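What follows is a set of notes on a single structure, which appears directly below.
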Amino acid sequence: MADGKNIKICVGLPTRGRGEMFVAALDSLAKQKLDGNLSLTVIVVENDPVDSLSDKIQCYDNASPDIRFRYVHVRDTGISNARNAALNFAKQEGADYLAFIDDDEVADEQWISSLYRELKERKLNLVGGPMRIFSRSQPPLFRQRLILDCLIRRSIRKELQARGYRDNGKDGRIMLCTNNWMADLDFVCAKNLRFQPRFNLVGGEDSCFFTEAKEHNATTGWAPDAIVYEEQPVERLSAIYQLRRARDQSIVSFERKYSKRPVYALLVIPISVSYSVLVASVFLALTPFTVGRTLLTSVRLFGKATGRLMGLLGIRTEHYSQTTGY
C-alpha cells in the first residue's frame, strides 16, 4: 500500500449510456475535491461494439490538474468484461486503489476522499458506501411517485442499517456493491481477483468478487460519508420493472449460493419460494392501509420468489443486455 505524497486512485465507470445521466456522472467525477496527496484517473469503459464516446471524454480531461479522464473501448458486451478492463488499466497505470461507480449515479464532491480515508485509516482491503435515490423531477403518474417514495424509503433503511453495523464494529458483514466501492490494488493483485465472465449479462459480478475476496480473508468495511446518488428515470418507476430487477438479482443470488449444492437447493427453494409468496401477498393486501408503503416490498418478494424458481429450473436472464433511462 502506497504512502507519502502521491496516491494514485483510478475510478472505473463502465457505460453504455450517452445521455443526461451519463453526463451527470462525468460532471460529478470532474468536481471531486481531493485530499492533498491524491490524484485521480477516471477510466470510462464504453461497453459497446461501436466507439461513440472517445471525443466526449477528451473534453473532460482538462477539468483539473489532479483529475484525468481516460477512455477504454470494450467491444464484447458484458459488465464483467468492462470491469476487468478498468482493473487492467488501473494495474498498468500503477494505481494504488481502484474505485467503481455506476453511470446512472452522481458522486458527492467528497466521495473519493471519504472512501480513501476510511480504507486507509482502518487498513481495509475493500470498502463501500451508501447509495441514495433521487429523481430530477416529480414523476407524472401517482403510481410512479409511489414507487419512487418506496425506493427512497428502502435506501434510507439500508443506509441506517449499514451505519448501525459500522458503529457496532460489524460492517465487515455488509455485501459491498460496485456502485460505490474501492479496493486496495495490492490486495487484489496478490490474490489474483477478477470479475467472473459468467456474470457478464446477468449481473452479480460484484457480489461474487466480494465473496471471493472474503475467502481470501479480505478486511472490508463501510464508509458512511462516501455518498453516491442514483437517479431513477420514469422507465424504472413501475412495478413490472422492479419485479424484474428483483427477479434477476434473485437468479444471480441463487447461482452464487446453490449452484454447487443442487440437492440442497431442491430441498430449500420450494420452502423459500412458498414463504416469500405468502409474505408478499400479506404486504400486497396491506398496501391500501399503509398508503402504498408496502407495495415495493411485496413486488420485490414476488420477484425474489420468481427468480429462485427460475434458478432452480436453470433459467437465466440477461439483465445487462439492455439499459434504461439514458
Side-chain angles (χ1 to χ4, degrees), residues 10-17 43-49 72-91 98-105 125-126 128 131 174-183 185 187-189 191-216 218 220 228 230 236 241-262 265 269 300 303-304 306-326:
C10 284
V11 175
L13 179 64
T15 186
R16 298 178 67 192
I43 312 164
V44 180
V45 183
E46 184 173 16
N47 189 209
D48 197 278
V72 176
H73 185 209
V74 178
R75 296 180 182 277
D76 295 329
T77 302
I79 188 63
S80 292
N81 291 339
R83 297 207 189 283
N84 283 328
L87 176 56
N88 292 338
F89 188 99
K91 289 179 180 179
L98 173 64
F100 276 109
I101 188 173
D102 287 347
D103 60 355
D104 56 357
E105 297 174 343
N125 303 127
L126 192 64
M131 182 271 291
I174 301 171
M175 177 73 73
L176 303 181
C177 302
T178 44
N179 62 351
N180 187 350
W181 185 96
M182 180 183 283
L185 275 180
F187 176 83
V188 171
C189 294
K191 304 304 181 183
N192 197 29
L193 296 174
R194 305 277 293 172
F195 295 95
Q196 296 300 320
R198 69 179 184 275
F199 295 107
N200 258 324
L201 295 179
V202 299
E205 77 295 337
D206 49 359
S207 58
C208 179
F209 188 103
F210 177 84
T211 300
E212 291 184 6
K214 279 295 194 179
E215 290 172 353
H216 288 286
T220 65
V228 299
E230 181 181 87
R236 300 180 189 176
Y241 176 87
Q242 295 300 324
L243 186 145
R244 288 174 176 170
R245 185 168 186 175
R247 176 202 66 190
D248 293 349
Q249 291 171 344
S250 180
I251 292 173
V252 172
S253 174
F254 175 90
E255 180 171 345
R256 180 169 52 85
K257 293 179 179 178
Y258 301 106
S259 60
K260 296 180 181 179
R261 300 185 293 171
I269 294 304
R300 289 190 59 83
K304 177 181 177 180
T306 304
R308 288 290 173 91
L309 277 178
M310 292 175 67
L312 192 63
L313 296 172
I315 302 172
R316 304 179 78 194
T317 63
E318 297 186 346
H319 181 78
Y320 283 96
S321 62
Q322 297 181 353
T323 56
T324 61
Y326 296 106

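None of these values were measured; they are calculated from a predicted model. Quick note: residue numbers are just sequence positions, from 1.
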Take Glu205 and Gln196, measure what side-chain contact (heavy atoms from CB on, under 4.5 Å) needs, and give me the verdict at the end. CA-CA 6 Å; Glu205 77 295 337; Gln196 296 300 320; 6.0 Å; no
Set out, in order, the CA-CA distance, both residues' side-chain angles and the distance that settles side-chain contact (heavy atoms from CB on, under 4.5 Å) for Glu215 and Thr211, then state yes or no. CA-CA 6 Å; Glu215 290 172 353; Thr211 300; 3.9 Å; yes
Under the side-chain contact (heavy atoms from CB on, under 4.5 Å) rule, what do Leu193 and Phe187 come out as? Steps first, then yes or no, please. CA-CA 9 Å; Leu193 296 174; Phe187 176 83; 3.8 Å; yes
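Side-chain contact check for Phe254 versus Ile269: some heavy-atom pair is nearer than 4.5 Å. In this structure, the side chains of Asn84 and Leu87 come closer than 4.5 Å at one or more pairs of heavy atoms. At a threshold of 4.5 Å between non-hydrogen side-chain atoms, the residues Ser207 and Phe199 do not count as touching. A heavy-atom distance below 4.5 Å is found between the side chains of Lys257 and Arg308. Proximity of Cys208 to Arg198: side-chain heavy atoms (C-beta onward) are separated by under 4.5 Å at one or more points.
Here the straight-line distance linking atom CG of Asn125 with atom OG1 of Thr220 works out to 8.5 Å at 0.5 Å rounding. The distance from the CG atom of Asn179 to the CG atom of Asp103 is 11.5 Å, given to the nearest 0.5 Å. Separation of atoms CD (Glu46) and OG1 (Thr15) is listed at 7.5 Å; rounding is to 0.5 Å. Rounded to the nearest 0.5 angstrom, Glu230 CD and Asn180 CG are separated by 11.0 Å. Atoms NZ and CG, on Lys214 and Leu126 in that order, are 8.5 Å from each other to the nearest 0.5 Å.
Considering every non-hydrogen atom in both Leu98 and Ala90, the closest pair reads CD1-CB, 4.1 Å. When all heavy atoms of Met175 and Phe210 are compared, the pair lying nearest together is SD-CD2, 3.2 Å. Of all the heavy atoms in Glu212 and Arg194, the pair that sits closest is OE1-O, 4.3 Å. Annotation for Asn47 and Asp76: closest pair ND2-O, 2.9 Å, computed over non-hydrogen atoms. Heavy-atom minimum distance, Ser250 versus Lys304: OG-O, 2.8 Å. Closest non-hydrogen pair, Thr77 versus Asn200, comes out as O-CG, 4.3 Å.
Checked against Ile251 for a side-chain contact (heavy atoms from CB on, under 4.5 Å), the options Gln249, Glu255, Arg247 give a single hit: Arg247.
The main-chain N or O of Arg236 is found under 3.5 Å from a side-chain atom of Gln242 such that the two form a donor-acceptor pair.
A salt bridge does not link Asp102 with Arg16: every distance from a Lys NZ or Arg NE/NH1/NH2 to an Asp or Glu carboxylate oxygen is 4.0 Å or more.
Ring-plane geometry between Phe195 and Trp181 is classed as tilted, the angle between the planes lying from 30 to 60 degrees on a 0 to 90 degree scale.
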